[in-house]
Every structure is written in C-alpha cells, then in structure tokens.
Asks: 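The structure's right below; bear with me while I get my questions together.
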Amino acid sequence: ENVEVDESITIIGNATSNTTLNITSGRGFQISSDDVSISNITVKGCGSTATHNAFQISGDDVIVENVVGTTCAKGISVSGSGVWVANSSFINNYDNGVEIWEGSSSTTAVTLYNNNVSSNGGNGISITEDDTIIKLNIIKDNAGDGISVNAAADVVIDGNTISDNSNDGIETFNSSPGITIKNNVITDSSSNGIKVSSSNSNNGVLENNTISGSGAMGIFINHSDNYYLGNNSISSSGSKDVRFNKATIGNSGKGNNFST
C-alpha cells in the first residue's frame, strides 16, 4: 500500500518494530504538504525501480524521526526545504540510502542528524542541494561513496563516522564550493578518504578529521583552490596521505599529522 500525504498532519507509529508498511510496488510515504511530522514507522519492500523510495519528501519543514527505510530504491529522497531527518535508519536499499536534492522551494537547510545509513547499493548519502547539514551519522558499507556532494555549495559535514565504503569516504565534484568537512572519523575507504574534484569546488575547510586505511589517498584535492587543512590525522593510506593534483593554488594547513 502507498500513502500520499497532502495536508499538514502528524503521523506516529507504534515503534518501528511494530508499525510496518509493506510495499510491493511504488513509493511508501509520498509527502507533498508542508509541516508534516512522521515517526516510529518502518517502510520496506518497494523494490529496485527508480523513484520507488521508502520516503519521498517534497513538502517544506517536514520532520522525519525514528523511521526505517529498507529494501526500496532509496531509503529517503528529500527535495523540500527545511526538512529534518533524525534518529532513523536507511539500510539495504538498492540505490542511495539518502538523496537530498534541490526542489522548487529550497530556501532553508535540510539537516540529516544521527542516522544510520548503511549497506546501500549506491552512495550512502547523495547531496545536490546547497547548505545541507550532515551531522553525527553512521555511514558505512555502501557500494558507492559514503557521502557524495554534487554541485552543492556550502555543505557542512560534521562529526560523522564513515567506514568501509566502496569508493570514497566523502567526494565533492561539479562545482561544490565552500564545503566544511570537520570532526569526522573516516576509515577503510576503498579509494580516498576525502576527494575534492573539479576546478570550481573552491574555498573549503577540512579540519579535525581522523582518516585511516584509505585505499589510495587520505585527502585528494584535484584542481580546486583555497583549501584550509587544520589538525587532521591521516594514516595507513594506500598511496599518499595528502595529494594536491593539477593546478591548485592558495591552499594552507596547520597542525596536521601524516604518518603513512
């Protein structure tokens, strides 16, 4: 069964273990209204068809708390403004665990706080929306990047535990300037711990991150300028702890520890 929510309402289940929406096809909850709150519900079984997501949020100022999205195309897809997603699990989905993208009314930051985003078939979290805040999440065992930032400015990635992802721990590309990546623990990425790509992903801050066991580089800044690296600890990289590649200028650093 699919549920469409087109008016402001509060939906509270009786715990994720007791309230389950089993979907055979299509989306689970499609929330198009503003000021909706949904909590304590599991959605599963939507299948792998694109857009058949457990939670599809296009309304503004929606609160999603303590839900589970699993065995769907994506665990949750957000295009609304000011959406809060917290204390939830998006696991074992066929594509990205979480997708945050620019909708028609994107004016207030989307926040993803204290969630488990694990074992998904694409990226753990995919971001194409400016000003997104990703804080205190566990992001592990995903088939793509732990976090992918694509053409999104001023994103904040703070205090996450990112491990065992099959590409990069965090990757930014296609003009994603002004990113702040701080206080994260990034371990055992198959490729790079943090990778910054494209000539227009400038003016970023990488601070107080602990990065270890990267298959290639701990930090790889490729063709972007004016990055500050402060108090990062990088070890056990497969190739180099830090690499600046191509024409990159204006970078600085202080208090970093490199031990590969």
Asks: Only one of N120, N115, N116 forms a side chain to side chain donor-acceptor pair (under 3.5 Å) with S118, so which one is it?
Replies: N116

Asks: So, the side chain of N93 versus the backbone of C72: is there a donor-acceptor pair under 3.5 Å, distance only?
Replies: yes

Asks: Heavy-atom distance under 4.5 Å between the side chains of D130 and D154, does that happen here?
Replies: no

Asks: Answer yes if the side chains of N208 and N231 hold a donor-acceptor pair under 3.5 Å, and no otherwise.
Replies: no

Asks: Can you measure from CG (N66) to OG (S39) and round to the nearest 0.5 angstrom?
Replies: 7.0 Å

Asks: Return yes if some donor-acceptor pair links the side-chain N/O of S8 with the main-chain N/O of D34 below 3.5 Å, else return no.
Replies: yes

Asks: Assess whether side-chain contact (heavy atoms from CB on, under 4.5 Å) is satisfied between F173 and K195, documenting all intermediate values.
Replies: CA-CA 8 Å; F173 57 102; K195 183 179 180 181; over 6 Å; no

Asks: Quick one: do V78 and V64 satisfy side-chain contact (heavy atoms from CB on, under 4.5 Å)? Show the steps, please.
Replies: CA-CA 11 Å; V78 177; V64 181; over 6 Å; no

Asks: Any link between V155 and Y227 through a network of hydrophobic side chains (Ile, Leu, Val, Met, Phe, Trp, Tyr) touching at under 4.5 Å?
Replies: yes

Asks: Please report the shortest heavy-atom distance between A152 and E129, naming the atom on each side.
Replies: CB-O, 3.5 Å

Asks: Quiz question: by atom type and distance under 3.5 Å, do the side chains of S77 and E99 form a donor-acceptor pair?
Replies: yes

Asks: Checking N142 side chain against V117 main chain: does a donor-acceptor pair fall under 3.5 Å?
Replies: yes

Asks: Determine whether D158 and I133 satisfy the following criterion, side-chain contact (heavy atoms from CB on, under 4.5 Å), listing intermediate values before the conclusion.
Replies: CA-CA 8 Å; D158 181 8; I133 299 170; over 6 Å; no

Asks: Atom OG of S81 and atom CG of D60: how far apart are they, to the nearest 0.5 Å?
Replies: 5.0 Å

Asks: If every non-hydrogen atom of A143 is compared with every non-hydrogen atom of G121, which pair is closest and at what distance?
Replies: CB-O, 3.3 Å

Asks: Nearest 0.5 Å please: distance from the CD1 atom of I211 over to the CD1 atom of I186.
Replies: 4.5 Å

Asks: Is the number of heavy atoms from other residues, nucleotides or ligands under 6.0 Å of Y113 OH greater than 12?
Replies: no

Asks: Does S32 reach the main-chain N or O of G59 with its side chain, forming a donor-acceptor pair under 3.5 Å?
Replies: no

Asks: N2 side chain to I23 main-chain N or O, any donor-acceptor pair under 3.5 Å?
Replies: no

Asks: Determine whether a donor-acceptor pair (N or O, by modelled atom type, separation under 3.5 Å) exists between the side chain of D131 and the backbone of A109.
Replies: no

Asks: Looking at CD1 of I234 and CZ of F258, how far apart are the two atoms once the value is rounded to the nearest 0.5 Å?
Replies: 5.0 Å

Asks: Report yes if some heavy atom in the side chain of V149 is under 4.5 Å from a heavy atom in the side chain of I157; otherwise report no.
Replies: yes

Asks: State yes or no: do V98 and I138 share one hydrophobic cluster built from I, L, V, M, F, W and Y residues joined by side-chain heavy-atom distances below 4.5 Å, directly or via other members?
Replies: no

Asks: With respect to N192, which candidate in D168, N222, N167 satisfies the side chain to side chain donor-acceptor pair (under 3.5 Å) definition?
Replies: D168

Asks: Using modelled atom types only, decide if a donor and an acceptor are shared between the side chain of N40 and the backbone of I12 within a distance under 3.5 Å.
Replies: no

Asks: I need the K44 NZ to T70 OG1 distance, nearest 0.5 Å.
Replies: 8.5 Å

Asks: L229 and I194: same hydrophobic cluster, using ILVMFWY side-chain contacts below 4.5 Å?
Replies: yes

Asks: Report the C-alpha separation of R27 and T51 in whole Å, then their side-chain angles, then the decisive distance to 0.1 Å, and conclude whether the side-chain contact (heavy atoms from CB on, under 4.5 Å) test is met.
Replies: CA-CA 7 Å; R27 295 167 176 165; T51 76; 3.7 Å; yes

Asks: Measure across S237 and A216 and return the closest heavy-atom pair with its distance rounded to 0.1 Å.
Replies: CB-O, 3.7 Å

Asks: So, for V62 and S33, which heavy atoms are closest and what is the spacing to 0.1 Å?
Replies: CG2-O, 3.7 Å

Asks: Search all heavy atoms of I162 against all heavy atoms of G146 and return the closest pair with its distance.
Replies: CG2-CA, 4.3 Å

Asks: Any sub-3.5 Å donor-acceptor pair from T260's side-chain atoms to S236's backbone N or O?
Replies: yes

Asks: Determine whether I9 and V67 fall in the same hydrophobic cluster, where Ile, Leu, Val, Met, Phe, Trp and Tyr are linked whenever their side-chain heavy atoms lie under 4.5 Å apart.
Replies: yes

Asks: What class does the angle between the rings of F55 and F29 fall in, given that below 30° is parallel, 30 to 60° is tilted and above 60° is perpendicular?
Replies: parallel

Asks: Look only at the side chain of S212 and the backbone of T187, and say whether a donor-acceptor pair between them is shorter than 3.5 Å.
Replies: no

Asks: Got a donor-acceptor contact below 3.5 angstrom from the N123 side chain to the D145 backbone?
Replies: yes

Asks: Any heavy-atom pair between the side chains of E65 and I63 that's under 4.5 Å?
Replies: yes

Asks: As a test of understanding, state which of N209, N137, N183 forms a side chain to side chain donor-acceptor pair (under 3.5 Å) with N160.
Replies: N137

Asks: Out of curiosity, I134 CD1 to N184 CG, how far, rounded to the nearest 0.5 Å?
Replies: 10.5 Å

Asks: Are Y228 and V156 connected in a single hydrophobic cluster, I mean Ile/Leu/Val/Met/Phe/Trp/Tyr linked by side-chain heavy atoms less than 4.5 Å apart?
Replies: no

Asks: Evaluate the salt bridge (charged side-chain N to carboxylate O under 4.0 Å, His left out) criterion for residues D95 and K74: first the C-alpha distance (whole Å), next the side-chain angles of each, then the deciding distance (0.1 Å), finally the verdict.
Replies: CA-CA 5 Å; D95 196 350; K74 300 179 181 72; 3.5 Å; yes

Asks: Taking all atoms of both residues into account, what is the closest heavy-atom pair of H52 and C46, and its distance?
Replies: O-CB, 3.4 Å

